[in-house]
Amino acid sequence: ERKSYVTGKKLNDFFDKVNNKDKTDIFIDKNKFAQFFSDYLGRKTFALDLDGKNIDEAKKWLSSMDVVFAKPSKGAEGKGVTRLFVNDVESTIQYCLDNKLGTIEEPIVQHPDMNILYPDAINTVRLITFIKNNEVNLLGATLRIGNGGYVDNAGSGGIFASIDINTGELDSVAFDKVGNKLNKHPITGTKIEGFQIPLWSDVIGLCKKAALEIPDVRTVGWDVALTAKGPILIEGNDRWSRAVWQLPKQKGLYHLIKE
């Protein structure tokens, strides 16, 4: 049975084999990602030059904003994501420069169905695509749910559950990063297993279309938020998390990546 599990080494070998390293920078730099996938974002974003070369543009962009989310352009696992109330445009910019937060975004308004699960963070779908013979296959999906903060990553206290790829329904209990099982959300009390993610076929359509924009990177873990207007991309990960994918399934998934 152990052979059926994906280890860190097996997954890294898989990434090395199927993803063209020359093309992955677009997933590592959030500003490059936002530029390339601008039609998929459903929100305004601004790339702040950390040497202060576009401060005037930044002032103009921020002047209409009350709240923004700022993050490091190359951060991972929700680290450094900061909610900023824009009371004074100049001090907001200075804060971003001081803390090396080079990606600034307007807040996402979450689909009301997703607020039932947890309203204070954007609960995101991680959907994994794999291109084989020019076709986009799905390797699995997980919902990451906020839990006490405004970020949903397990590294930042969030919890996650497996999604039935055919229906968009949660088909497991939730897990935290150390593997504790939760039947209900600790704060909202919403039952996890059986929860239906809205607009599921649109989520799949969005990710399949995005995957074909950059076919040399054959596997990507897409992070998707649900809004009332439809699903939107948060980011893509060319080296996606093994635990978030495999752990909630409670079985080995090596057969999905073995060629």
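A heavy-atom distance below 4.5 Å is found between the side chains of Leu138 and Lys208. Looking only at side-chain heavy atoms (C-beta outward), Asn237 and Arg126 come within less than 4.5 Å of each other. Side-chain contact between Phe195 and Met114: present, with at least one pair of heavy atoms (C-beta onward) separated by less than 4.5 Å. At a threshold of 4.5 Å between non-hydrogen side-chain atoms, the residues Glu193 and Asn183 do not count as touching. Considering only heavy atoms from C-beta on, Asp238 stays 4.5 Å or farther from Phe15 through its side chain. By the 4.5 Å heavy-atom criterion applied to side chains, Val224 and Leu233 are counted as neighbours. Side-chain contact between Asp176 and Asn147 is absent, with no heavy-atom pair separated by less than 4.5 Å. For the pair Thr24 and Ile28, the minimum side-chain heavy-atom distance is below 4.5 Å.
Between the side chain of Asp113 and the backbone N or O of Gln196 there is no donor-acceptor pair closer than 3.5 Å. In this structure a side-chain-to-backbone donor-acceptor pair under 3.5 Å is missing from Asp164 to Asp171. A donor-acceptor pair under 3.5 Å is formed between the side chain of Asn12 and the backbone N or O of Gly8. Not a single donor-acceptor pair under 3.5 Å links the side chain of Asp51 to the backbone N or O of Lys53. A donor-acceptor contact shorter than 3.5 Å links the side chain of Tyr118 to the backbone of Gly148. Using modelled atom types, one side-chain atom of Asp88 and one backbone atom of Ser91 make a donor-acceptor pair closer than 3.5 Å. Between the Gln110 side chain and the Ala121 main chain, a donor and an acceptor come within less than 3.5 Å of each other. Judged by distance alone, the side chain of His111 and the main-chain N or O of Pro231 form no donor-acceptor pair under 3.5 Å.
Between atom CG of residue Leu97 and atom CG of residue Asn99 there is a gap of 9.5 Å, rounded to the nearest 0.5 Å. In this structure, CD1 on Ile145 lies 6.0 Å from CG on Leu170, to the nearest 0.5 angstrom. The distance from the CG atom of Leu84 to the CD1 atom of Ile93 is 11.5 Å, given to the nearest 0.5 Å. Within the model, atoms CZ of Phe33 and CG of Leu41 stand 6.5 Å from one another, a figure rounded to the nearest 0.5 Å. Atoms CD1 and CD1, from Ile234 and Ile122 in turn, are 7.0 Å apart once rounded to the nearest 0.5 Å. The distance from atom NZ of Lys181 to atom CD of Gln250, rounded to the nearest 0.5 Å, is 4.5 Å.
Ring geometry for Trp245 versus Trp240: interplanar angle over 60°, hence perpendicular rather than tilted (30 to 60°). Ring-plane geometry between Phe130 and Phe14 is classed as perpendicular, the angle between the planes exceeding 60 degrees on a 0 to 90 degree scale with a lower cut at 30.
Shown here is Asp98, whose CG atom has more than 12 heavy atoms of other residues, nucleotides or ligands within 6.0 Å. Within a 6.0 Å radius of CD in Gln35, other residues, nucleotides and ligands contribute 12 heavy atoms or fewer. Summarising the local packing, NZ of Lys10 is surrounded by more than 12 heavy atoms from other residues, nucleotides or ligands at distances under 6.0 Å. Other residues, nucleotides and ligands contribute over 12 non-hydrogen atoms within 6.0 Å of the NZ atom of Lys249. At most 12 heavy atoms of other shown residues, nucleotides or ligands fall within 6.0 angstrom of atom CD in Glu90.
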### Query
Does the side chain to side chain contact (heavy atoms under 4.5 Å, CB included) test come out yes or no for Leu101 and Tyr95, once each step is laid out?
CA-CA 8 Å; Leu101 305 174; Tyr95 183 90; 3.8 Å; yes
### Query
Does the side chain to side chain contact (heavy atoms under 4.5 Å, CB included) test come out yes or no for Asp56 and Lys60, once each step is laid out?
CA-CA 6 Å; Asp56 289 340; Lys60 211 175 291 174; over 6 Å; no
### Task
Applying salt bridge (Lys or Arg N to Asp or Glu O under 4.0 Å), run through Asp13 and Lys9 and close with a yes or a no.
CA-CA 6 Å; Asp13 289 349; Lys9 183 181 185 313; 2.7 Å; yes
### Task
Might you work through the side chain to side chain donor-acceptor pair (under 3.5 Å) test for Asn31 and Thr103, ending with a clear yes or no?
CA-CA 6 Å; Asn31 288 334; Thr103 303; 2.8 Å; yes
### Query
Under the side chain to side chain contact (heavy atoms under 4.5 Å, CB included) criterion, do Ile131 and Val136 qualify, and how do the steps go?
CA-CA 4 Å; Ile131 298 177; Val136 182; 4.2 Å; yes
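Partner of Arg144 under the side chain to side chain contact (heavy atoms under 4.5 Å, CB included) criterion, out of Ile159, Asp223, Asn123, Val125: Asp223 alone.
Residues Phe37 and Val203 share a single hydrophobic cluster, defined by chaining ILVMFWY side chains whose heavy atoms lie under 4.5 Å apart. By the rule that hydrophobic residues join a cluster once side-chain heavy atoms approach within less than 4.5 Å of another member, Val220 and Val6 end up as members of separate clusters. Val109 and Val81 are not part of a single hydrophobic cluster, where members link through side-chain heavy atoms under 4.5 Å apart. The hydrophobic clustering, which links ILVMFWY residues whose side-chain heavy atoms are closer than 4.5 Å, places Leu11 and Leu256 together. Cluster annotation: Ile108 is not connected to Ile104 through the hydrophobic network of ILVMFWY side chains, with a link wherever side-chain heavy atoms come within less than 4.5 Å.
The ring of Trp222 has its center no closer than 6.0 angstrom to the ring center of Tyr40.
Taking every heavy atom of both residues into account, Ile163 and Trp200 meet most closely at CG2-CH2, 3.7 Å. Residue Ile192 comes nearest to Ala174 through the heavy atom pair CG2-N, 3.8 Å, listed as atom of the first residue, atom of the second, then distance. Contact between Lys30 and Lys74 at its shortest, heavy atoms only, is NZ-C, 4.4 Å. Across all their heavy atoms, Thr188 and Leu117 have their closest contact at OG1-O, 2.6 Å. What you find for Leu48 and Cys96 is that their closest heavy atoms are CD2-CB, 3.6 Å. Heavy atoms only, all atoms of each residue included: Pro248 and Ser172 are closest at O-CB, 3.6 Å.
Taking the charged nitrogens against the carboxylate oxygens, Arg239 and Asp16 do have a contact shorter than 4.0 Å, which makes a salt bridge.
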